[in-house]
Engineer: 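Below are the structure tokens for one structure; questions will follow.
Note: hydrogens, waters and symmetry copies are ignored here, and every other heavy atom, side chains too, is used. In what follows, every chain begins at residue 1, and chains take the letters A, B, ... in the order their sequences are listed. Note that the structure is a prediction, hence the values are computed from the model and not measured.
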Protein chains: 2
Amino acid sequence: MPRRGTKKPYIPIDGQACQVRDIGICAPFSGEALGALETFKAAERMYAPGRDFLVQGESAGEFFTVLDGWAFLYELLEDGRRQILDFCLPGAFLGFQPDLSAPVTYSAQALTDMSVCVFPRSRVADFVRQHPELGLRMACVAARDQYLAFRHLSNVGRRTARERVASLLLELFFRVRLHSPASSGDKIVIPLTQEHIGDALGLTSVHVNRTLRQLREEKLLTLKGGSLQVLDPDRLAEVAGFESDVAFLRH
Amino acid sequence: MPRRGTKKPYIPIDGQACQVRDIGICAPFSGEALGALETFKAAERMYAPGRDFLVQGESAGEFFTVLDGWAFLYELLEDGRRQILDFCLPGAFLGFQPDLSAPVTYSAQALTDMSVCVFPRSRVADFVRQHPELGLRMACVAARDQYLAFRHLSNVGRRTARERVASLLLELFFRVRLHSPASSGDKIVIPLTQEHIGDALGLTSVHVNRTLRQLREEKLLTLKGGSLQVLDPDRLAEVAGFESDVAFLRH
DNA sequence: AGCGACCCCTGATCTAGATCAAGTCGTGTG
DNA sequence: CACACGACTTGATCTAGATCAGGGGTCGCT
């Protein structure tokens, strides 16, 4: 999909076109502004699976866009209980806070090998003043993330284990397929353990296991070795209580 | 507290100074820009308790700042289960979405008599282009709201009923006192039924009732007739597992 | 005064999901 | 090859919180 003939239509990564060019924070930029955005960018960085690249309580001074790979945001309680707040796919925007010097309130951990775009918090105010479209874009992305967080909250607060699991897996299924090049087929790669799923949904991994077995026995889905296969999207959506407004999952 | 000597330092409401001038979306504005913001504002409006002023599934075309009174955001599931997503106090910013024409994803209901500032969604992009500080401000407010939503999610997903109730009430206690003129004393007005509390925390009102009794018997708090009295903030904070980063509750 | 709508409160019982305990796999490693 | 480790599985039991059922108080309305 070629873009209008500007000098620098894409932000290069390792000499390649940026995969999240159209869905991330950079979407509204083009032409000269895109070049400026690139000077605003502080770095690109890689993280290995398991790496905590944001740590609750520390102050980071930077925020991120995920270029490739999966991560998740989480909060730890004093006694070790963990709540996963969000799964971050390519295009996700994270780490931004109003008070630039304050410690961050959640941790972020890589689930796969991943690469991120790093922006310095200190210069964001100036940059937004020169490029107002970034401010609006950030507000829009934040609004979408709020929608996801609210959905997640309804799931955990008011749905049964069965509904929660169906809903999360179906949501991830759609989110992945929305932007992945090979977006057909009923199978996606999903680098989560049953414990991740439990910690996202307020359940124990034991109970997640039993719930998955049930869904498998009903021929709704299979989840095995990091691969999710949705056998019957419609019935699964029914179980999940999906409002089918999948459009909102888009960035 | 007098501000620098500009012509129009406050947005007038019914001839009075705006109560949320320093905490809402307008905080970074002053002087001429403040006048411009006022022309951006579409209206002021009042709502009576119980009034749904945003309805899930309808498209609104406007977003709001709460000037006075309480409201709450909620989602309804098909079978009537309700999840309260957030309580909105003066200064709250709500109803903004990336896709201006899309239906809103949650409902908003007034808890008390309230007044709101109404902004048209259609003109926000233009206005932000002329006044970049609004875009940044919206992003900041959204980041704070995300923090609250994440907190809420951790509560509901990973804490016991006792911890949830303590945490919510203490949070509201601090949020109210932060901006209320009479911010001393151990008592605040809190216009919630036990059912509201339950629907916010993923509990039944019956269980909220029992939990409140327990907290009352332990002389931690009393909640009666819309009035919350925190008897022992420190012990209550302990029960709530509060991380004491109350600073973040500020707008 | 009488009535209906809401809240608040409490006891008895039930159940979804937690906890405890053990065993199977698969995979990397000294 | 043995063996340690992490993820997945399954059964038995327990419990936090739901559900069911009822009683009482207050307020506004006729």
Engineer: Would you tell me if any nitrogen or oxygen in the side chain of B:Thr204 comes within less than 4.0 Å of OP1 or OP2 on D:dG17?
Structural biologist: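 No, B:Thr204 has no side-chain N/O under 4.0 Å of OP1/OP2 on D:dG17.
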Engineer: Is any side-chain nitrogen or oxygen of B:Arg213 closer than 4.0 Å to OP1 or OP2 of C:dT10?
Structural biologist: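 The answer is yes; a side-chain N or O of B:Arg213 sits under 4.0 Å from OP1 or OP2.
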Engineer: Write down the distance between CD1 (B:Ile197) and C1' (C:dC8), rounded to a whole number of angstrom.
Structural biologist: 12 Å
Engineer: What's the verdict on side-chain hydrogen bond (donor to acceptor under 3.5 Å, both in side chains) for A:Gln214 and A:Thr211, showing C-alpha distance, side-chain angles and the deciding distance?
Structural biologist: CA-CA 5 Å; A:Gln214 197 196 345; A:Thr211 306; 5.4 Å; no
Engineer: Could you tell me whether the phosphate oxygens of D:dC8, OP1 or OP2, come under 4.0 Å of any side-chain nitrogen or oxygen in A:Asn209?
Structural biologist: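 False: A:Asn209 side-chain N/O out of range (4.0 Å or more) of D:dC8 OP1/OP2.
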Engineer: Let me spell it out: for each of A:Leu212 and A:Arg158, pick the nucleotide of DNA chain D with the closest heavy atom. Which residue's pick is nearer the 5' end?
Structural biologist: A:Leu212
Engineer: C:dC9 phosphate, OP1 or OP2: any side-chain N/O from B:Lys224 under 4.0 angstrom?
Structural biologist: yes
Engineer: Could you state the atom-to-atom distance from CG of A:Asp79 to P of C:dT19 in whole Å?
Structural biologist: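 It is 11 Å, rounded to the nearest whole Å.
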Engineer: Separation of B:Leu201 atom CG from D:dA18 atom P, in whole Å?
Structural biologist: 10 Å
Engineer: Any side-chain heavy-atom pair from B:Val116 and B:Leu67 closer than 4.5 angstrom?
Structural biologist: no
Engineer: Would one find a side-chain N or O of B:Gln194 under 4.0 angstrom from OP1 or OP2 of C:dC7?
Structural biologist: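 Checking B:Gln194 against C:dC7: no side-chain N or O falls below 4.0 Å of OP1 or OP2.
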Engineer: Rounded to whole angstroms, how far apart are CD on B:Gln214 and C1' on C:dC9?
Structural biologist: 15 Å
Engineer: I want to verify a distance call: between C:dC7, D:dC8, C:dT10, whose nearest atom is closest to the A:Thr193 side chain?
Structural biologist: D:dC8
Engineer: Between A:Leu203 and B:Leu192, which residue's closest nucleotide on DNA chain C lies nearer the 5′ terminus?
Structural biologist: B:Leu192
Engineer: Does the gap between the ring centers of B:Phe119 and B:Phe96 come in under 6.0 Å?
Structural biologist: no
Engineer: Under 4.0 Å between a side-chain N/O of A:Arg216 and OP1 or OP2 of D:dT9, yes or no?
Structural biologist: yes
Engineer: Answer yes or no: is there a side-chain heavy-atom contact under 4.5 Å between B:Phe72 and B:Leu111?
Structural biologist: yes
Engineer: How is B:Thr160 classified with respect to the nucleic acid when contacts are heavy atoms under 4.0 Å: base, sugar-phosphate, or nothing?
Structural biologist: sugar-phosphate
Engineer: Evaluate the side-chain proximity of A:Phe173 to A:Val176: yes if any heavy-atom separation is below 4.5 Å, no if none is.
Structural biologist: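 A side-chain contact is absent here, since even the closest heavy-atom pair is not under 4.5 Å.
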Engineer: Hey, does A:Gly202 reach any base, or is it just sugar-phosphate, or nothing, if we go heavy atoms under 4.0 Å?
Structural biologist: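 The answer is sugar-phosphate, as A:Gly202 gets under 4.0 Å only of primed atoms, P, OP1 or OP2.
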Engineer: Given D:dT19, D:dG17, C:dG17, which nucleotide is nearest the side-chain atoms of A:His207?
Structural biologist: C:dG17
Engineer: Output the rounded distance in Å from CG (B:Asp199) to P (D:dA18).
Structural biologist: 11 Å
Engineer: Quiz question: going by heavy-atom distance under 3.5 Å, is there a donor-acceptor pair between the base of C:dG11 and the side chain of B:Arg210?
Structural biologist: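 Indeed, a donor on one side and an acceptor on the other fall under 3.5 Å apart.
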Engineer: From CD of A:Glu195 over to C1' of D:dG6, roughly how many Å is that when rounded to an integer?
Structural biologist: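 One finds 10 Å between C1' of D:dG6 and CD of A:Glu195, rounded.
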Engineer: In whole angstrom, give the distance that lies between atom CD of B:Glu217 and atom P of C:dC9.
Structural biologist: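 For the pair B:Glu217 CD and C:dC9 P, the rounded distance is 11 Å.
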Engineer: With distance as the sole test, does B:Ser227 use its side chain to make a donor-acceptor pair with the main-chain N or O of B:Leu223 at under 3.5 Å?
Structural biologist: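 No, B:Ser227 side chain to B:Leu223 backbone: no donor-acceptor pair under 3.5 Å.
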Engineer: Answer with yes or no whether B:Arg164 presents, from its side chain, a donor or acceptor under 3.5 Å of a partner atom in the base of D:dG17.
Structural biologist: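 No, the side chain and the base share no sub-3.5 Å donor-acceptor pair.
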